[in-house]
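Numbers restart at 1 for each chain; the letters A, B, ... are given by sequence-line order, proteins then strands.
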Amino acid sequence: MDSKKDIRILAYESSCDETSTSVVKNGREIESLIVATQIKSHQRFGGVVPEVASRHHIEVISQITKEALAEANATWNDIDAIAVTYGPGLVGALLIGLSAAKAASMATGLPLIGVDHIMGHIMAAQLTDEIIYPALALQVSGGHTEIVLLKDPTHFEIVGDTRDDAAGEAYDKIGRVLGVNYPAGKTIDEWAHQGKDTFNFPRAMMEDDDYDFSFSGLKSAFINTCHHADQIHQELNKYDLAASFQAAVVDVLAHKTIRAIKQYQPKTFIMGGGVAANLGLRDRMEAEIANLPENLTPKVILPSLKLCGDNAAMIGAAAYNLYNEGEFSDLTLNADPSLELPYAAEMLK
Amino acid sequence: MKILSISTATNELSVALNEDERLIVEKNELDERNHSEHLDPIIDEILNKNKLKLKDIDRFAVAIGPGSYTGLRIGVTTVKMFASILNKEVVGVSTLQALAASYSEEDTLVVAGIDARNDNFFAGAYLNENGQPVNVIPDGHYHIDVLLTAINEYLNDHKPKKLLFIGSGFDKQIEQLDTLELPYSFGSAEQNAIHAGLIGKLALNKEPVDPDLLLPNYLRRTQAEVDWHKKTGNPFGPDSNYVEEV
Ligand SMILES: [Zn+2]
C-alpha cells in the first residue's frame, strides 16, 4: 500500500458569473469539474449584474455539490478538506460559495480552506504540469492584470499590476464599441487573427522601468478612433481594429513580462486568468520565451483553455498547497471582495 | 422533533433550537451585514451547549423572505447544504408570517412589514386562528398607498376588532396610517424583531421541500431584469433558461 495517503479536496468557486465545484486529488488531478455558467443571462444586460449573478449561484449550489462528488465517484468519506474562494470578486456572489462551503464543513466535520481567487487562477498551472519554484506568473483577467512572483507554493508577491483598467476589462469595453456581446475576448481574438495592426494604438508605460500596466489610454484611443470615423461616415475595418488593439495589449504584456523574467529568473513561467486563453497572447509569449538565452529560459505552463476561465478545480489545486502548510480557515471566514495578494517590497516604494 | 431555525433576513441574526412545540434556546444579535461571519459560530455554540451534533437535528427551518437579498441567501444556502448533505428535512417560512407570529390575540389584523425604502414595504397581513397566523393580504412588495388600500378593503369586509403594525418602517408613515378607518397600534420592540424560535414553531406544521429547490422568496425581480423586460418586451422565462453546465 502507498505510504502517502491521497488528499482529495472538494472546492467551490462563485466569485463572478460561474458556479463551480470540483474534486481535485493531490492538487494535481481533476477527478470532477462542474461549471454552471450564467453567460446567457448576463448577455441580456451587456455585462455581469451582481444581484442576478447571486440569484443564479444559489439555484445550483447544492445540486452541483452532489454532481462533483458523483462524477468523482466519491462520497464525503473520501474527501479530506473543503475549499472555497473568499475573494476577490462580487461580494454577494462570493457569499454563496462561502456559505455553502462553511455549511458543508460543519455538516461533514471536514476542515475548511479559504482560497484567494487569483492564487487559484495561477494554480490552474499545477493541474497541467509540475511547477518548479521560484516561478513567475502573468495573471490576466477581466478584473486583474498582474505579474506575480511565486516564491514557493503558498507565498506569492505582486511585482507589477495595472494602474487602471484590467486587460480583460479593456477587451469588454472595446467589444461594446464594436458591437460584440459580452464577454468579448474570444471574438476580438478571432477577428485580430484576420486583420493587421494598421492603427498603431499607444503602448502605455512600455518603456518605464517598473512592471506596471495601464490600458485606459489604449481604450480611449480606440474609442476616439471609432467615434471620429463615425462622425465623418467612414467605415473602419473591424478586423484591423481588433488586430491593432490586440497587438497593443500583447506588446505591452509581453515586453514587461519578458523583462520581469530576465530580472527574477524564474524556473517556471505561468499564465493564468481568462485572458490567458487569448491565442494571440499565448503564441506571443511562447515565441518570446523561445528567443531568450538558454540559461534564462523557464519551463512554460499555459493551462488548457477550460482552466483559464473561473473554475473550482484551480481553487482545489491552490487549496492543496495550503492544506500541506496547515493553513485552514475557521467558521468566521467572510467574503473579502477586494482581497489582494501581498505586494513585493520593491512595489511599495 | 428537533428543529434548528435561523433568520438572516434583516440586520438581526436569530438562531433557535426547538423540540416540537417547545423552545429550547434562541440567540439573537444585531449585527449589521455580518451574518456570514457570525451565523455558523452561533449555530455551533447552540449545538455544543445542548450536547448535540448537526446530524441530531431532524428539520432545518429558515426565514425564506422577504428581506435583505444577500442576508436571505446566507441563511437559505446554509440550511439547504445542511439538509442536502445530512439528508434531513428543510422548510422555508415567510419572514412576515414569523413576524406576525409574535402576536397571539385573535380578531386582530396584524400587518407585518419590512421597510423597503422610498415609502415601499415588503408586507403582508395576518390574522390569528388557533394560534397560527393565517395570511389574509398576500406577502408582496407594496407602495404604502397600495398597502393601505388593501388594508381598508379588508377592514370594511371583515371588521376585525384591532389593527397592529409590526416590523420596521411603519413609524415613519404615521400621517398615512392615521387615515385608516380603525385605530391602530405598533408592535413592541420585541415583536418588531424576527425570532427564529417562532420560525421553528411555524416550521413544525409545514411540508418539507427538496433542499435543491429551496430558494429565497425575494418578492421582487432585479432592476436589471425589469429594465430588460421593458426594453425588449421579452418574457422573463424560468431562470433555468440562463444557466447551463459546460
Ligand atoms: Zn477569475
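Looking only at side-chain heavy atoms (C-beta outward), A:Leu331 and A:Met106 come within less than 4.5 Å of each other. By the 4.5 Å heavy-atom criterion applied to side chains, A:Phe328 and A:Leu112 are not counted as neighbours. Side-chain contact check for B:Ile85 versus B:Leu54: every heavy-atom pair is 4.5 Å or farther apart.
Of the possible polar contacts, none joining the B:Asp145 side chain to the B:Leu147 backbone as a donor-acceptor pair under 3.5 Å is found. Side-chain atoms of B:Asp115 do not come within 3.5 Å of backbone N or O of B:Gly169 as any donor-acceptor pair.
Contacts classified as salt bridge (Lys or Arg N to Asp or Glu O under 4.0 Å) and involving residues 117-126 of chain B (residues at least two apart or in different chains) are not found.
Interface residue B:Ile74: backbone and side-chain heavy atoms are both found under 4.5 Å from chain A. Contact of A:Ile58 with chain B is made through backbone and side chain together, with heavy-atom distances under 4.5 Å. Only the side chain of A:Leu98 comes within contact range of chain B, with heavy atoms under 4.5 Å apart. Only the side chain of A:Val60 comes within contact range of chain B, judged by heavy atoms closer than 4.5 Å. Only the side chain of A:Val49 comes within contact range of chain B, with at least one heavy atom under 4.5 Å from a heavy atom of that chain. With a 4.5 angstrom heavy-atom cutoff, A:Leu69 does not touch chain B via any of its atoms.
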Could you list each N or O donor-acceptor pair linking chain B to chain A at a distance under 3.5 Å?
{"from": "B:Asn34", "atom 1": "OD1", "to": "A:Asn334", "atom 2": "ND2", "distance (Å)": "3.4"}
{"from": "B:Ser36", "atom 1": "O", "to": "A:Lys102", "atom 2": "NZ", "distance (Å)": "2.5"}
{"from": "B:Ser36", "atom 1": "OG", "to": "A:Asn334", "atom 2": "OD1", "distance (Å)": "3.0"}
{"from": "B:Glu37", "atom 1": "OE1", "to": "A:Asn334", "atom 2": "ND2", "distance (Å)": "3.1"}
{"from": "B:Arg73", "atom 1": "NH1", "to": "A:Glu51", "atom 2": "OE2", "distance (Å)": "2.9"}
{"from": "B:Arg73", "atom 1": "NH2", "to": "A:Glu51", "atom 2": "OE1", "distance (Å)": "2.9"}
{"from": "B:Lys80", "atom 1": "NZ", "to": "A:Ile58", "atom 2": "O", "distance (Å)": "3.4"}
{"from": "B:Asp212", "atom 1": "OD1", "to": "A:Ser62", "atom 2": "OG", "distance (Å)": "2.5"}
{"from": "B:Asp212", "atom 1": "OD1", "to": "A:Lys66", "atom 2": "NZ", "distance (Å)": "3.4"}
{"from": "B:Asp212", "atom 1": "OD2", "to": "A:Lys66", "atom 2": "NZ", "distance (Å)": "2.5"}
{"from": "B:Arg220", "atom 1": "O", "to": "A:Arg55", "atom 2": "NH1", "distance (Å)": "2.8"}
{"from": "B:Arg220", "atom 1": "O", "to": "A:Arg55", "atom 2": "NH2", "distance (Å)": "3.1"}
{"from": "B:Tyr242", "atom 1": "OH", "to": "A:Arg44", "atom 2": "NH1", "distance (Å)": "3.4"}
{"from": "B:Glu244", "atom 1": "N", "to": "A:Thr37", "atom 2": "O", "distance (Å)": "3.0"}
{"from": "B:Glu244", "atom 1": "O", "to": "A:Thr37", "atom 2": "N", "distance (Å)": "2.8"}
{"from": "B:Val246", "atom 1": "N", "to": "A:Val35", "atom 2": "O", "distance (Å)": "2.9"}

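Taking B:Tyr142 as the reference, nothing meets the side chain to side chain donor-acceptor pair (under 3.5 Å) condition, with sequence neighbours excluded. Partners of B:Asn120 according to the side chain to side chain donor-acceptor pair (under 3.5 Å) rule, which considers only residues two or more places apart in sequence or in another chain, do not exist here.
Distance check, rounded to the nearest 0.5 Å: CD1 of B:Ile24 to CG of B:Leu17 gives 4.0 Å.
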